[in-house]
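Side-chain atoms are counted along with the backbone in the values below, which use heavy atoms only and exclude waters and symmetry mates.
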Amino acid sequence: MPLPRLFVDNRRDGSRLLSSALVITGIGLVRIDHPLGQVVAVIGGSISAYWWLCYRQLQR
């Protein structure tokens, strides 16, 4: 049984998810001097990278 893919099947919704993750990453980068800001930046950046790879594979 394959793992569920944590992404949508169309480019419009995919771009919305990706832009939201990038905004959250940016918020973490604003407070990179605080430990919580570092955690938010790392998690948000990781999710953004994963969703960017998924977004590139979408055809429509």
Side-chain angles (χ1 to χ4, degrees):
M1 179 176 191
L3 292 173
R5 193 169 137 196
L6 301 174
F7 200 66
V8 294
D9 291 330
N10 60 58
R11 291 182 69 89
R12 184 187 66 194
D13 292 338
S15 65
R16 288 179 183 166
L17 284 175
L18 182 56
S19 65
S20 297
L22 289 172
V23 167
I24 292 170
T25 302
I27 291 169
L29 289 174
V30 166
R31 289 302 310 246
I32 198 73
D33 59 329
H34 192 276
L36 186 58
Q38 293 171 0
V39 170
V40 169
V42 168
I43 292 172
S46 300
I47 291 172
S48 296
Y50 172 72
W51 282 350
W52 178 71
L53 292 172
C54 292
Y55 180 78
R56 287 184 48 198
Q57 295 174 355
L58 292 176
Q59 298 297 321
R60 52 176 180 87

**Residues in side-chain contact (heavy atoms from CB on, under 4.5 Å) contact with L17, at least two apart in sequence or another chain** =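 L17 satisfies side-chain contact (heavy atoms from CB on, under 4.5 Å) with F7, V8, W51 only.
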**Asked** Can you name the side-chain contact (heavy atoms from CB on, under 4.5 Å) partners of Y50, sequence neighbours left out?
**Response**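 With sequence neighbours excluded, Y50 shows a side-chain contact (heavy atoms from CB on, under 4.5 Å) to R5, L6, C54, given in chain and number order.
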**Item:** Cluster overlap V23 with I43, hydrophobic side-chain contacts below 4.5 Å
**Value:**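 Unlinked, V23 and I43 end up in two clusters.
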**Request:** Could you state whether L18 and L53 fall into the same hydrophobic cluster, counting links through intermediate Ile, Leu, Val, Met, Phe, Trp or Tyr residues with side-chain heavy atoms under 4.5 angstrom apart?
**Result:**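 L18 and L53: one cluster.
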**Prompt:** Going through the checks in order, is the side-chain contact (heavy atoms from CB on, under 4.5 Å) test met by I32 and L29?
**Reply:** CA-CA 5 Å; I32 198 73; L29 289 174; 4.1 Å; yes
**Request:** Locate the shortest heavy-atom distance separating G45 from T25; write the atom from each residue and the value.
**Result:**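 Closest pair (atom of G45, atom of T25, distance): N-OG1, 3.2 Å.
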**Prompt:** Which atoms form the tightest heavy-atom contact between A21 and I47, and what is the distance?
**Reply:**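 Scanning both residues, the minimum pair turns out to be CB-CG2, 4.3 Å.
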Spacing of [atom1] belonging to [X] relative to [atom2] belonging to [Y], to within rounding of 0.5 Å:
{"X": "R56", "Y": "R11", "atom1": "CZ", "atom2": "CZ", "value": "10.5 Å"}
{"X": "N10", "Y": "S15", "atom1": "CG", "atom2": "OG", "value": "8.5 Å"}
{"X": "Y55", "Y": "S19", "atom1": "OH", "atom2": "OG", "value": "10.0 Å"}

**Request:** Any salt bridge (Lys or Arg N to Asp or Glu O under 4.0 Å) involving residues 20-31? Give me the pairs, sequence neighbours left out, ordered by first then second residue.
**Result:**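 Sorted result for residues 20-31: R31-D33.
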